[in-house]
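The next block holds one structure in the form of structure tokens; read it before the comments.
A quick note: this is a predicted structure, and the numbers were derived from the prediction, not measured. Along the sequence shown, residues are numbered consecutively beginning with 1.
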Amino acid sequence: MFVDDKILERLKKIATPTLANALDDFGFQGVMNDLSPAGPGMTVVGRAVTVQEITGPFGSFSTSDFKVGHMIDAAGSGEVIVVANDGAQVSTWGGMASYAAKLKGIGGLVVDGGIRDREEIVEFSFPAFSKHMVPTPGKTRIKVLSINEPIVCAGVRVRKGDVIVADGTGVLCLPAEHAEEITIASEKFSADDKQAMNEMDKGLTFTEALKKFSKI
């Protein structure tokens with residue numbers, strides 16, 4: 001299912017904790033744990049391009065198996081490259097890849113594994129989220145097994161076209177066929193948050209707010 005651009009624009013206004021509340025209500029496990037942004041203020045919302053990798057000791061694979069260029073070639077404007085590498089402490093991505101992806105208009109990167117060149121990624125303002133920030137190079141250590149096949153990234157199933165939302169709090173995936181209804185529910189929670197703050201400004205206690213607004 002293709003998620004309309006209008007839904008993506010609405011999702012850009014919603015924080016990941018609010019979306020996580022809605023995911024609970026719909027019974028979806030969409031939160032990818034232990035992933036952090038390369039720098040402050042990084043956010044991204046976009047359709048997923050999925051990559052499956054494996055990692056071994058130095059010299060395990062040929063340099064042609066690394067295929068970072070293929071990952072960039074597979075992603076379109078605004079899309080988010082999502083890499084499953086089983087939390088390996090080896091870098092699958094760095095500054096030059098970020099520069100190339102930024103030039104192409106790719107929305108961002110999520111890696112259940114390692115990336116490097118934090119300073120360059122920040123300089124290029126490319127939203128990148130990963131489990132590790134490590135200098136260890138991926139060439140001959142990492143092999144790309146597939147692109148745009150279903151993966152499990154940080155415990156969450158991700159398919160091509162599912163929606164990735166990431167901010168300073170975390171990263172999550174919305175199933176494409178349920179993205180609109182999750183967005184609608186999350187917008188209601190966001191409105192409740194604003195209403196609760198307005199009422200607290202007028203004297204409502206936090207305990208009273210918690211009783212009145214169950215998801216704040």
Side-chain angles (χ1 to χ4, degrees), residues 1-33 35-38 41-53 70-85 93 97-98 100-113 125-130 144 146-194 215:
M1 179 178 178
F2 183 80
V3 179
D4 190 270
D5 287 344
K6 293 179 181 179
I7 298 296
L8 301 182
E9 288 301 314
R10 288 161 62 184
L11 285 167
K12 290 177 182 179
K13 301 175 183 178
I14 305 172
T16 56
T18 303
L19 288 164
N21 286 342
L23 284 170
D24 273 353
D25 282 357
F26 284 96
F28 297 133
Q29 169 50 40
V31 177
M32 301 180 192
N33 291 319
L35 301 181
S36 302
M42 289 184 172
T43 64
V44 66
V45 175
R47 302 177 192 90
V49 170
T50 59
V51 179
Q52 180 66 59
E53 295 181 335
H70 291 70
M71 292 158 51
I72 294 172
D73 290 344
S77 178
E79 292 184 322
V80 180
I81 299 172
V82 183
V83 182
N85 195 18
W93 187 278
S98 297
K102 183 76 173 183
L103 282 177
K104 191 178 179 184
I106 293 169
L109 173 79
V110 173
V111 180
D112 182 12
S125 299
F126 182 70
F129 299 76
S130 66
V144 171
S146 68
I147 296 177
N148 280 333
E149 296 294 330
I151 60 172
V152 176
C153 182
V156 175
R157 183 171 182 260
V158 185
R159 304 159 301 170
K160 174 179 171 57
D162 284 341
V163 179
I164 303 300
V165 182
D167 59 20
T169 299
V171 182
L172 49 77
C173 175
L174 311 182
E177 62 270 33
H178 298 288
E180 184 171 10
E181 58 188 321
I182 293 170
T183 300
I184 292 169
S186 299
E187 288 172 335
K188 173 64 167 58
F189 295 149
S190 293
D192 284 349
D193 286 348
K194 292 178 182 178
K215 292 289 186 177

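- The shortest side-chain heavy-atom distance between Trp93 and Ile72 falls under the 4.5 Å cut-off.
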Could you check Lys6 against Glu9 for salt bridge (Lys or Arg N to Asp or Glu O under 4.0 Å), going step by step and ending with a plain yes or no? CA-CA 5 Å; Lys6 293 179 181 179; Glu9 288 301 314; over 6 Å; no

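- Atom CD1 in Ile14 sits 11.5 Å away from atom CG in Asn21 (nearest 0.5 Å).
- Enclosure of atom CD in Glu180 is not indicated, since only 12 or fewer non-hydrogen atoms of other residues, nucleotides or ligands lie within 6.0 angstrom.
- Here Arg10 contributes atom CZ and Asp5 contributes atom CG; the two are 13.0 Å apart, rounded to the nearest 0.5 Å.
- For the side-chain contact (heavy atoms from CB on, under 4.5 Å) with Ile7, the lone residue among Thr183, Val45, Ile182 that qualifies is Thr183.
- Expressed to the nearest 0.5 Å, how far CD1 of Ile106 lies from CZ of Phe126 amounts to 6.0 Å.
- Taking a 6.0 Å sphere around NZ of Lys13, one finds it holds 12 or fewer heavy atoms contributed by other residues, nucleotides or ligands.
- Residues Leu35 and Val111 share a closest heavy-atom pair of CD2-O, 3.5 Å.
- Remark: Leu172 CG to Asn33 CG distance equals 10.5 Å, nearest 0.5 Å.
- Exactly one of Ile164, Asp112, Val152, Thr16 qualifies for a side-chain contact (heavy atoms from CB on, under 4.5 Å) with Met32. That residue is Ile164.
- Looking at heavy atoms from C-beta onward, Leu11 lies in side-chain contact with Leu174 at the 4.5 angstrom threshold.
- Ring centers of His178 and Phe26: at least 6.0 Å apart, outside the cut-off.
- Looking at Ile147 and Lys160, their side chains never come closer than 4.5 Å, going by heavy atoms from C-beta outward.
- Counting all heavy atoms, side chain and backbone alike, Ala185 lies closest to Ala22 at CB-CB, 4.2 Å.
- Looking at every heavy atom in both residues, Leu23 comes nearest to Gly30 through CD1-CA, 4.0 Å.
- Within the 4.5 Å cutoff, the side chain of Val49 has heavy atoms near those of the Asn148 side chain.
- Salt bridge present: Glu177 and Arg159 bring a charged side-chain N and a carboxylate O closer than 4.0 Å.
- In this structure a side-chain-to-backbone donor-acceptor pair under 3.5 Å is present from Asp167 to Gly170.
- Looking only at side-chain heavy atoms (C-beta outward), Val144 and Met71 come within less than 4.5 Å of each other.
- Not one N or O on the side chain of Thr50 forms a donor-acceptor pair closer than 3.5 Å with the backbone of Val82.
- Contact of the Arg47 side chain with the Leu8 side chain is registered, since non-hydrogen atoms from C-beta on lie closer than 4.5 Å.
- When all heavy atoms of Gly107 and Val44 are compared, the pair lying nearest together is O-CG2, 3.3 Å.
- With rounding to the nearest 0.5 angstrom, the OG atom of Ser186 is 12.0 Å from the NZ atom of Lys188.
- Nearest heavy atom pair, residue Met42 against residue Pro127, reads SD-CA, 3.9 Å.
- In this structure, Asp162 CG and Met1 CE are separated by 11.0 Å, a value rounded to the nearest 0.5 Å.
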